[in-house]
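See structure below.
Proteins get letters first, then strands, A, B, ... in listed order; numbering begins at 1 in each.
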Amino acid sequence: MPATATCPKALHAHLLRSGALFADPSAAAPLAAAASLASLPYALSILRAHPTTFSYNSAIRALARGPRPHLAISLYRSMLSHSRSHPNNYTYPPLLAACARLADSDSSSAAAAAAAGVALHASLFRRGLESPDRFIRASLLSLYAAAGDLPAARQVFDLSPPNHRDLPLWNSLLHAYLSRAHYVQVLRLFRTMRTADHVTLLALLSACAHLGALHTARWAHAYLATTCSFPITTNLATALLNMYMRCGDVQTACSLFHSTPTRHKDVHTWTVMIAGLALNGFSTDALHLFTHMKDHNIQPDSVTLTAVLSACTHAGMVDEGKRILRRMPLDYHLQPTIEHYGCTVDLLGRAGLLEEALALIRAVPFKADVALWGALLVACRCHRNFEMGQMVAMEILRLDPQHAGAWVFLSNVYAAAGKWDLVQEVRISMKQHRIHKPPGSSVVELDGVVYEFLSGDHSHPQSDQIYAMLDEIGKTLSLKGHKPATKLVTFDIDEEDKEVCISQHSEKLAVAFGLINTRRGAVIRIVKNLRICEDCHSVMKVVSEVYDRVIVVRDRNRFHHFKSGSCSCLDYW
DNA sequence: CTAGGGTTAG
């Protein structure tokens, strides 16, 4: 066959001239697939002439993988209504995958796609295709995961007979938990598995990266190195680097990166290194690596540029960041997306250039979204500009009435101004909208076991000791002249609840727990779900000096490496 | 008879 798969007309002409289209009914299948990507009416005309299940399936599969997956579902509908050929077990996996792709996107049709997926489940069930086909089961599981229905996804797994649970089905379940941020579940499930391949390991490494659990990460790496017989792909190497970076082990990530041959590094590999260095506060190294990457003729992509901009943000390199944003189209043939503008708003905002950040938002060639305004809101809070902040909060609530951060900000501004009636109104609105803050949590790992603390938590068996330790720390701190940072306006969604005393923030509980249970000199590593607050930040600095400990805190945005009384972020975060 | 599921980063 000539190499015309991408050009349906040429393929069509060839098949007609050679007579193959009439001699061999299956010859229409690749033609229908190619035609469906060029024009759906064209594909339909071919399918009308050659209405086999095989041809429909080929076209559906091509559409499901293409840029407009919903067309696969349209074609399925016309297969049902206009054709005498019936769907079979090969028809459904691409259709379910198309629904999953749509349901996972944040487009307005996500809910409709999920519903279409459930309808497909019903229709394949009616045809008796559910239980005998392992491909359909894996696709179904992934569909329910993408639609956010984890119990249904789990049920697909549980209802499969154990001897039918093949590796892709296990992997689907792992990735289902991963996509819903159930990282501990991923680890638990992995430990019950008998075999693993590189897809399994990708899920495992990603879960470790999210948890920031370094002991577990090292265990996963050792498992990969000793137990796995499959080759380490570029993707796996990238996931491994990302994992070490997100666990704060920059050393290991860097030495692995340097020992990886250049031909095994792609744009993703370089990007995770740049992002990881920025995350850990090594912004200049991140920018050097970016230069290095270009020297190796690797074209940066859109994500690389967000990593580069975030490096500029963490280092406060305002002019460099602005220059990079401006030159993106010229230097890299990349049009800035709303995310790049978001990074730059963050960059300007953190540097205190609020007016310039606002001007940038007004100038973006997109409709400003919640994330963009949200970056400015954080900056307004940071630099105590309540007037602009109030305007920004209103903009956010217009776009998303559920945005807890904006409500809380307003409430604080009104409280600071003594407008208690307005505070009351905000509280009532929040209740009506059923908005609640996510609880602050911190995670520490001890001998490979992950311990989680919530603010004001008393549930840990060592709770008495922990609070006694906090007292001791408090006394030491006041001897050192430290005063708790109790500002009037500090209650914020990004930090922990000020209604719980700041001395009981989860990271303080975690550090006390770490001091009690680890030997002198051991590094204490904490991962928290929100941003670290000012008081905790200064407490960590003093603790690192007084108790002579290295403390590594990963917060929502970045790492803080505390050592001998100072932090790697140089108090800029 | 042909074909198909699970896949890294911010």
Side-chain angles (χ1 to χ4, degrees), chain A residues 24-30 32-33 52-62 64-65 87-98 100 129 133-143 145-146 153 156-157 160 164-179 193 196-210 230 232-243 245-246 265-276 278-279 286 300-311 313-314 337-340 342-343 346 371 556-558:
Chain A
D24 174 11
S26 70
T52 62
T53 297
F54 184 38
S55 296
Y56 269 100
N57 289 353
S58 299
I60 286 172
R61 182 160 37 86
R65 289 209 270 242
N88 64 8
N89 52 328
Y90 287 94
T91 315
Y92 289 96
L95 283 171
L96 294 166
L129 295 171
D133 196 286
R134 61 186 200 280
F135 294 91
I136 285 178
R137 280 195 304 269
S139 310
L140 271 176
L141 200 165
S142 302
L143 166 76
V156 172
F157 184 86
S160 304
H164 288 259
R165 293 176 195 160
D166 60 2
L167 190 50
L169 191 71
W170 281 89
N171 288 340
S172 303
L173 189 60
L174 283 177
H175 283 276
Y177 284 128
L178 192 63
S179 68
M193 291 176 69
D197 66 1
H198 71 283
V199 178
T200 319
L201 265 290
L202 284 174
L204 177 66
L205 298 183
S206 177
C208 290
H210 282 282
F230 50 84
I232 294 190
T233 60
T234 303
N235 282 354
L236 257 180
T238 303
L240 200 56
L241 295 172
N242 178 52
M243 176 182 79
M245 280 298 195
R246 297 191 66 92
K265 291 173 186 163
D266 65 7
V267 57
H268 301 125
T269 319
W270 291 87
T271 301
V272 297
M273 287 300 290
I274 293 167
L279 184 74
D301 71 4
S302 170
V303 182
T304 316
L305 268 292
T306 59
V308 171
L309 287 171
S310 94
T313 301
H314 290 315
T337 67
I338 198 148
E339 270 142 7
H340 298 106
C343 286
D346 198 25
R556 198 188 180 86
N557 284 321
R558 62 173 298 160

Base, sugar-phosphate, or nothing for [X], non-hydrogen atoms under 4.0 angstrom?
X         : result
Thr306(A) : base
Val199(A) : base
His175(A) : sugar-phosphate
Arg134(A) : base
Ser26(A)  : base
Thr233(A) : nothing
Asn242(A) : sugar-phosphate
Arg65(A)  : sugar-phosphate

Tell me every residue that passes side chain to side chain donor-acceptor pair (under 3.5 Å) with Ser58(A), counting only those two or more places apart in sequence or in another chain.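 If we apply the side chain to side chain donor-acceptor pair (under 3.5 Å) test to Ser58(A), skipping adjacent residues, there are no hits.
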| Partner set under side chain to side chain donor-acceptor pair (under 3.5 Å) for Asp301(A), not counting sequence neighbours |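 Thr304(A).
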*Grab the two heavy atoms, one from Cys343(A) and one from Thr313(A), that are nearest each other, plus how far apart they are.*
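In terms of heavy atoms, the two residues are closest at O-OG1, 3.6 Å.
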### Smallest separation among heavy atoms of Asn57(A) and Tyr90(A), with atom names
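Here Asn57(A) and Tyr90(A) meet closest at ND2-CB, 3.5 Å.
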Exercise. Going 5' to 3' along DNA chain B, which nucleotides are the first and last within contact of chain A (any atom under 4.0 Å from a heavy atom)?
Worked result: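 It runs dT2(B) to dG10(B).
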So, does Arg137(A) use its side chain to make a donor-acceptor pair with the main chain of Leu169(A) at under 3.5 Å?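 No, because the side chain of Arg137(A) does not come within donor-acceptor range (under 3.5 Å) of the backbone of Leu169(A).
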Notebook entry, point to check: Can you tell me if Ser206(A) uses its side chain to pair, donor with acceptor, with the backbone of Ala203(A) under 3.5 Å?
Noted result: no
